[in-house]
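Below is one structure, written out as structure tokens; the observations come after it.
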Amino acid sequence: MEYPFEKIEKKWQNIWQKKKIFNAEDDTEKKNYYVLSMFPYPSGALHMGHVSNYSIADAITRYKMMQGFNVMQPMGYDSFGMPAENFAIQHHSHPRITTDENIKVMRKQFDMMGFGFDWEREVSTCHPEYYKWGQWFFKRMFEKGLAYKKTSFQNWCSECQTVLANEQVENGKCWRCESEVHQKELEQWFFKITEYAEELLDFSGVIDWPERVKTMQTNWIGKSQGTEIWFKLENSEQLIKVFTTRPDTIFGCTFMALPPEHPIIIEFLKAESEDSKMHRFCDKVLNEDSITRTAEDTIKEGFFTGKYAANPVNNERIQIWITNYVLMDYGTGAVMAVPAHDQRDFEFAKKYNIPMKLVIQNKSGDLILEEMADAYVEPGFLVNSGKFDGMDSQKSLKTISKWMFENKMGKETITYRLRDWGVSRQRYWGNPIPIIYCDDCGTVLVPDEDLPIKLPENVELGKTRQNPLLSVEEWVNVKCPQCGKSARRETDTMDTFVDSSWYFARYVDPKNDTLPFSQELAVKWLPVDQYIGGIEHAVMHLMYARFFHKFMRDLKLVNSNEPFARLLTQGMVTKDGAKMSKSKGNVVDPQYIVDRYGADTVRVFMLFASPPEKDVEWSDEGVKGAFRFLNRIWHLFAKNLELIKTYKDAASDDNKLKGEIKKLRYSTHFTIKKTLNDIENRLQFNTAIAAVMEHLNNVYAVKDVEKLNDFEKAVFAESCVAIPHLMYVFAPHLSEELWILIGNDRLLHDSGTAQFNEDFLVKDKITYAIQIMGKIRGKIKVSADATTEDIKKSALEVENVKKSIEGKNIVKMIVVPDKLVSIVIK
RNA sequence: GCGAAAGUGGCGGAGUUGGUAGACGCGCUGGCCUUAGAAGCCAGUGAGAGAAAUCUCGUAGGGGUUCGAGUCCCCUCUUUCGCACCA
């Protein structure tokens, strides 16, 4: 018979809600603990990825509550963004309506799962009470010079008159109208995240983050030490600055590679006719979308401008080329090409017959330029480099940089791959940027008292593909806050990453209407103790949030350096080896599974199927297995309820216990220790659950419970009681029900963690494996107090061991305490 | 292409510091129960050889370090995630 999960789950969800046990207090004697899962985009129904994420977070939440912490686990919705806008267009509705509908459905499903969220702290980024503060932050950024406007190139579809995301560009064509996408220079708002580059490289403020996330962020920031070298344009006083990490190769520079966006190229173009070859080449490169441009397997192409610059170190003439492989955003946007010592330059020079010059010779001195099939990129000693000839190339880096600086040819500099964060979006469903453009006053901030700038509701979406805000005249036309004359609003909205960069802080004070949140509460709760979310956010979201947190610290809103102390990056839910997605048709609906087996079963399956940071492979049979396990627990209690009730508080510490009952007590205490350690120190829930399963098997192995004596019954009762006590964090409804059935009157979250007695874990015999030349040849059981000599002696007495070492000399014997004996023979 | 990670039975996975590979679950096989099935309970289950004791092989592939390697090092292959307007 199946246990009545439906009744039990509803019952406990109601009790938890009524008792408000998940509503965190701001003022309490208890220590605070903040558990946070990445908030979802409200897509309408929970999917398995959510269920997995929140099952992990909920287990941690409940565990910390048992430990006596005042735990806050809030939840909200990342509800702005392109998908909501597209969804509304498709359904001929308004994102405000569809989003609210979706949130209602999700909320119901959160409740059905029994997750312990503090709903009094709920936030939704598309609500004016929330996005007001995003505007407020934008203003503070602007005031500190951290928000600024510059032109940059964007994927542009002229048919739709709109900017396209990279994912909306398919093979260089617009996903909607299939017309060619080209790069258009547009004015965009940026946040100066590069200002914090150095600080973002420092992870000393976090307690426990996966190494790989730190590495990915470090690589993304891409700090590199190098030299800026100043080349003079021929017949001009103009300087072209290049950035290089290899100033040692400066004497080998034979040409210069620039992107078409480079200011000097734009200047060259002005002198050319519109249909000149140079114009056509630039247009072609610019029309490649940014993915193609940055991919390194793109075929390198170039166009010689016919212009030259002078190499400052020896005044040699350097050809100036326009290329498709140099990025305007990195370094100075110009590259000095040294074909003999850089593979990309080498290939390019071969293709276009550009001269090469060998300036680094290898140790044996046998490099011949004409015979080289590849660039020589290794260190060596300098040749053809004037007074630096013969110098070790690596040592020369500093020397040459210094010499160049002294002679006004360049300077040492640090460059980052990290670019400033472009936050402008030409879309409706986002947070309006609080800027007004006035003909007289220029760019003016909207005064704080006018915030929030609410999104106009009466827009027709989908009529044009342009930003719908452009056509809402009554919204766009405003009076200038400074001079009162007619002015226009900024119609760009902010990247939704802005909304998700500070939401964790809003939860501490979600209803504050004078500030984003109070400093007092932020200090109490931040940083988030445990953050849980997908690995796909390893770089962008997590880095933007770190940047925002440091910015909020500089505003004196928070007093910590990092937003998230511990980070757990959970894997995806897959089925048939692929991520669940509608297009693959391998989606399993949590609702269906909960209806059939209950929320506890789904949670247990999710947590048992793999460790949290790895992907979870969905398995219908596996779910049944989890359900079977919970049923076994239920039936154990149903059968022995009276006995457990009677004996649960009786003494079980009789030292004369023997046989299977002694083993059972060992199992109970060992399981408690192992499970708590797996949860607390390793966040490894799959092995924790496995340990409880194993223990349950041990309990089931005890037959004729009624025939046991009182002490033994107490041991048996104890072994049963441990199960709901440990399972509470994974299967809270079932555990809570059993806990109350056996006569406890405090709920489990308030009952402390299970306790174990170290005395019951002492073994009197220890098994040693015997290895000969690394192969297991036998096993011995020795008493726990045996000396190393005793162990060696008994190892050599084993028949099979004797046979293996016959006629050989024992060279060495190694005894690894509590594990094995290794014998080396010759 | 660049950056990051992963690869262990038929399947999901365990193996925490280099120390008995395969815990636990699924599946499969057999038994009990049942008129039968389902459910449940009990047992077996990496491959190969052998009557057995036991032996050989085995953690993507190849090499190395070590008394001992799934674990450490080098190379190769495959898969997954991210690459700045998806969130």
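Each chain gets a letter, A, B and so on, in the order the sequences are listed, and its residues count up from 1.
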Checking [X] now: which residues fulfil side chain to side chain contact (heavy atoms under 4.5 Å, CB included) with it, not counting sequence neighbours?
| X | value |
| --- | --- |
| V816(A) | I814(A), K819(A), L820(A) |
| E187(A) | K149(A), T151(A) |
| N631(A) | E2(A), Y3(A), F627(A), H635(A) |

Suppose you measure atom [atom1] in [N] against the same atom in [M]; what distance do you get, rounded to whole Å?
| N | M | atom1 | answer |
| --- | --- | --- | --- |
| G68(B) | C57(B) | P | 14 Å |
| G48(B) | A39(B) | C1' | 38 Å |
| G70(B) | G62(B) | P | 13 Å |
| G63(B) | G15(B) | P | 29 Å |
| A49(B) | G30(B) | C1' | 24 Å |

Output the single nucleotide from [options] whose closest atom is nearest the side chain of [X].
| X | options | value |
| --- | --- | --- |
| M82(A) | C24(B), C86(B), U56(B) | C86(B) |
| W220(A) | A4(B), A84(B), A87(B) | A84(B) |
| V163(A) | U54(B), C85(B), C57(B) | C85(B) |

For G15(B), does the O4'-C1'-N9-C4 (purine) or O4'-C1'-N1-C2 (pyrimidine) torsion place it in syn, i.e. within 90° of 0, or in anti? anti

List every contact pair, protein side and nucleotides 18-22 of chain B side both N or O, where the distance is under 3.5 Å.
{"residue": "G19(B)", "atom": "N2", "partner": "Q771(A)", "partner atom": "OE1", "Å": "2.9"}
{"residue": "G19(B)", "atom": "N2", "partner": "S822(A)", "partner atom": "OG", "Å": "3.4"}
{"residue": "U20(B)", "atom": "O2", "partner": "K779(A)", "partner atom": "NZ", "Å": "2.8"}

Extract all donor-acceptor atom pairs below 3.5 Å that involve side chains of residues 685-694 of chain A and protein atoms in other chains or at least two apart in sequence.
{"residue": "T687(A)", "atom": "OG1", "partner": "D678(A)", "partner atom": "OD2", "Å": "2.8"}
{"residue": "T687(A)", "atom": "OG1", "partner": "Q684(A)", "partner atom": "O", "Å": "3.1"}

Protein-nucleotide distance ([X], atom [atom1]; [N], atom [atom2]), rounded to Å:
| X | N | atom1 | atom2 | result |
| --- | --- | --- | --- | --- |
| M773(A) | C67(B) | CE | P | 9 Å |
| F629(A) | G40(B) | CZ | P | 14 Å |
| R425(A) | A87(B) | CZ | C1' | 11 Å |
| D678(A) | C24(B) | CG | C1' | 12 Å |
| I772(A) | C55(B) | CD1 | C1' | 14 Å |
| M543(A) | A87(B) | CE | C1' | 16 Å |

Restricting to pairs with a member in residues 490-499 of chain A, which pass side chain to side chain donor-acceptor pair (under 3.5 Å), not counting sequence neighbours? W189(A)-E490(A), W421(A)-D495(A), S424(A)-D492(A), R425(A)-D495(A), Q426(A)-D492(A), Y437(A)-E490(A)

Nucleic acid footprint by protein, nucleotides 42-52 of chain B - heavy-atom cut-off 4.0 Å, B for base, S for sugar-phosphate alone: S----------

Of all residues at least two apart in sequence or in a different chain, which pass the side-chain hydrogen bond (donor to acceptor under 3.5 Å, both in side chains) check with Y428(A)? H94(A)

Base-pairing string, 5' to 3', of RNA chain B - Watson-Crick or wobble, under 3.5 Å, | interstrand: (((((((..(((......[....)))((((((.......))))))((((....))))..(((((..]....))))))))))))....

Quick one: on RNA chain B, does K812(A) or V539(A) contact a more 5' nucleotide (nearest heavy atom)? K812(A)

If you find the nucleotide of RNA chain B closest to V213(A) and the one closest to S424(A), which residue's nucleotide is nearer the 5' end? V213(A)

Under-3.5 Å donor-acceptor pair between Q188(A) side chain and C85(B) base: yes

Do K214(A) and E211(A) sit within salt-bridge range, that is, some charged N less than 4.0 Å from a carboxylate O? yes

Here the salt bridge (charged side-chain N to carboxylate O under 4.0 Å, His left out) pairs for residues 532-548 of chain A, sequence neighbours left out, are R546(A)-E562(A)

Output one line per pair: protein atom, nucleotide atom from nucleotides 8-15 of chain B, and distance, for all N/O pairs under 3.5 Å.
{"residue": "G12(B)", "atom": "O2'", "partner": "A609(A)", "partner atom": "O", "Å": "2.7"}
{"residue": "G13(B)", "atom": "O3'", "partner": "N686(A)", "partner atom": "ND2", "Å": "3.3"}
{"residue": "A14(B)", "atom": "OP1", "partner": "N686(A)", "partner atom": "ND2", "Å": "3.0"}
{"residue": "G15(B)", "atom": "OP1", "partner": "R682(A)", "partner atom": "NH1", "Å": "3.1"}
{"residue": "G15(B)", "atom": "OP1", "partner": "R682(A)", "partner atom": "NH2", "Å": "3.0"}
{"residue": "G15(B)", "atom": "OP1", "partner": "Q684(A)", "partner atom": "NE2", "Å": "3.4"}
{"residue": "G15(B)", "atom": "OP2", "partner": "Q684(A)", "partner atom": "NE2", "Å": "3.4"}

Residues two or more places apart in sequence or in another chain: which of them pass salt bridge (Lys or Arg N to Asp or Glu O under 4.0 Å) with D704(A)? K707(A)

